[in-house]
There are 2 protein chains.
Amino acid sequence: MTLSRLILGLLSLAPMTGYELKKHFDATVNHFWSADKAQIYRTLTTLVKDGLCIAETVQQDGLPSKQVHRITEHGRAALLEWLETDPAPDAERNAFLGRVFFAAQLDEKQLHKLFDRRREAALSYLASLQEQLDASRAASPGEALYFQLATLRNGIRHLKAELDWLQDIEKELV
Amino acid sequence: MTLSRLILGLLSLAPMTGYELKKHFDATVNHFWSADKAQIYRTLTTLVKDGLCIAETVQQDGLPSKQVHRITEHGRAALLEWLETDPAPDAERNAFLGRVFFAAQLDEKQLHKLFDRRREAALSYLASLQEQLDASRAASPGEALYFQLATLRNGIRHLKAELDWLQDIEKELV
DNA sequence: ATCTACTAGTAGACTTGTCAACCGCATCAG
DNA sequence: CTGATGCGGTTGACAAGTCTACTAGTAGAT
């Protein structure tokens, strides 16, 4: 469900091919949703089947022909409906916390490795989100992308929270 | 993978039935991993098949007989191995942020509804985590549950970050 | 001359997770 | 006496997501 609505959302901004959708997922939506190539194409065919978007084949010379997908009125309605539905409480799956939960079974060296790796991952991820945020702000100042940027700011807040938490832990582990 | 390791982790603390595992998932692990009943039982059978735990049937009077699962040495080794493996960067799926990303298509009323609901959900979830934390600390003071509690503290930090972010948004939306 | 990467998509197997129903037996409240 | 709830578990159908490999042409680098 969510994937199909996110695809509709992207198509509501501009018509696109599956290939381009994949790139958008990897580039701009990636920090809160990832998508497999195969999954995107499959979802597109069901969207077309349900009349939420239409596909038109476009010939290109030198390149393989592509199928540009365009959202329909019906699709826009479905998107809006989804935007308004109660976002069910997130399932919040976190395999790292799973490891922490049983971390008492690790020795000191392994413990530090566990948390250090996490800290480094969080730091570099934070840097990349910050970069994305700055780049987006530079590219289109003003309020145009307000909500897109808000999702980045959300990620940044959470990464900082994670880093604070890691710092607490490392202080206490000494 | 993760589910099977989390089950092994719980079994490493005490032998248990599938039924009890389900209760533990709902009660103590729920804030970072949820598990469906059917999935737990299926995973248990494959764990047994792989020799990572063994099941012994225990008769009870008045109640249906149960299958207590006990972790094996092989299982403990598999658990440790998992604890040490590089925790692949979380997939971080967040359907709420998906809605925010396209929220420019909502009117003011709908926007406030979206964020208000989120805030209320975060607040009540925060309260429940805080409660769990206090209850656990009261039940077993000292450092016994340090890492279990750390996962709760992680959740609390993140919820506070979420609330701070929501406050920013609401200030800016005015 | 070969190797890599990009464009654009297809296909199949597989794993994971979710939903809903069903089994028997017990206990307790209305 | 009936119905709800707890215990302990099983089954089947599905939805969602992942992984690998394949097609087929272009362009640029080694």
Side-chain angles (χ1 to χ4, degrees), chain A residues 1-8 10-11 15-27 29-30 32-50 53 55-69 82 88-95 98, chain B residues 1-8 10-11 15-27 29-30 32-50 53 55-69 82 88-95 98:
Chain A
M1 192 65 216
T2 304
L3 180 62
S4 74
R5 299 306 118 151
L6 291 179
I7 288 178
L8 276 185
L10 289 174
L11 292 182
M16 256 179 268
T17 67
Y19 187 81
E20 290 171 302
L21 279 167
K22 172 61 177 160
K23 291 210 290 191
H24 271 82
F25 268 95
D26 289 349
V29 187
N30 196 48
F32 62 83
W33 207 272
S34 63
D36 184 77
K37 204 177 155 182
Q39 192 68 11
I40 288 176
Y41 283 108
R42 264 185 275 252
T43 304
L44 274 177
T45 69
T46 77
L47 283 176
V48 170
K49 203 177 59 199
D50 295 348
C53 71
E56 38 185 312
T57 303
V58 174
Q59 308 296 339
Q60 305 182 107
D61 43 57
L63 290 178
S65 61
K66 61 185 180 180
Q67 280 169 264
V68 176
H69 291 77
W82 177 75
D90 286 327
E92 289 281 8
R93 262 122 204 271
N94 188 328
Chain B
M1 193 64 217
T2 304
L3 180 62
S4 73
R5 300 305 118 151
L6 291 178
I7 288 178
L8 276 185
L10 289 174
L11 292 182
M16 256 179 268
T17 67
Y19 188 82
E20 290 170 303
L21 280 167
K22 172 61 177 159
K23 291 210 291 190
H24 271 82
F25 268 94
D26 289 348
V29 187
N30 196 48
F32 61 85
W33 207 273
S34 63
D36 184 78
K37 205 176 154 184
Q39 191 68 12
I40 288 176
Y41 283 108
R42 277 190 195 113
T43 304
L44 274 176
T45 69
T46 77
L47 284 176
V48 169
K49 203 176 60 200
D50 295 347
C53 70
E56 37 185 311
T57 305
V58 175
Q59 308 295 339
Q60 304 180 108
D61 42 56
L63 291 178
S65 61
K66 60 185 179 179
Q67 281 169 265
V68 175
H69 291 77
W82 177 76
D90 286 326
E92 289 281 7
R93 262 121 205 274
N94 188 330

Discussion item. Under the rule for side chain to side chain donor-acceptor pair (under 3.5 Å), what residues qualify as partners of A:T43, not counting sequence neighbours?
Written reply: none

Worksheet item: With sequence neighbours left out, what residues match A:E56 under side chain to side chain donor-acceptor pair (under 3.5 Å)?
Response: A:R70

Detail all sub-3.5 Å separations between protein N/O atoms and N/O atoms belonging to nucleotides 6-8 of chain C.
{"residue": "C:dT7", "atom": "OP2", "partner": "A:Y19", "partner atom": "OH", "Å": "2.4"}
{"residue": "C:dT7", "atom": "O5'", "partner": "A:Y19", "partner atom": "OH", "Å": "3.3"}
{"residue": "C:dA8", "atom": "OP1", "partner": "A:Q60", "partner atom": "OE1", "Å": "3.0"}
{"residue": "C:dA8", "atom": "OP1", "partner": "A:Q60", "partner atom": "NE2", "Å": "2.8"}

Worksheet, complete the sentence: Hits for salt bridge (Lys or Arg N to Asp or Glu O under 4.0 Å) against B:D26, two or more places apart or cross-chain, chain-then-number order -> B:K22

Item to complete: Report the residues that fulfil ring-ring contact (aromatic ring centres under 6.0 Å, His included) with A:F32, sequence neighbours left out, ordered by chain and then residue number.
Response: B:F101

Item to complete: Check side chain to side chain contact (heavy atoms under 4.5 Å, CB included) between A:F25 and all other residues, then give those that pass, not counting sequence neighbours.
Response: A:L3, A:L6, A:I7, A:L10, A:V29, A:W33, A:A35, A:I40

Worksheet item: With sequence neighbours excluded, what pairs up with B:S4 under the side chain to side chain donor-acceptor pair (under 3.5 Å) test?
Response: none

Worksheet item: Can you list the residues that meet the side chain to side chain donor-acceptor pair (under 3.5 Å) rule with B:T45, with sequence neighbours excluded?
Response: none

Pull out every protein N or O sitting under 3.5 Å from an N or O of nucleotides 15-19 of chain D, one pair per line with the distance.
{"residue": "D:dA16", "atom": "OP1", "partner": "A:M1", "partner atom": "N", "Å": "3.0"}
{"residue": "D:dG17", "atom": "OP1", "partner": "B:R93", "partner atom": "NH1", "Å": "3.1"}
{"residue": "D:dG17", "atom": "N7", "partner": "A:Q39", "partner atom": "OE1", "Å": "3.1"}
{"residue": "D:dT18", "atom": "O4", "partner": "A:R42", "partner atom": "NH2", "Å": "2.9"}

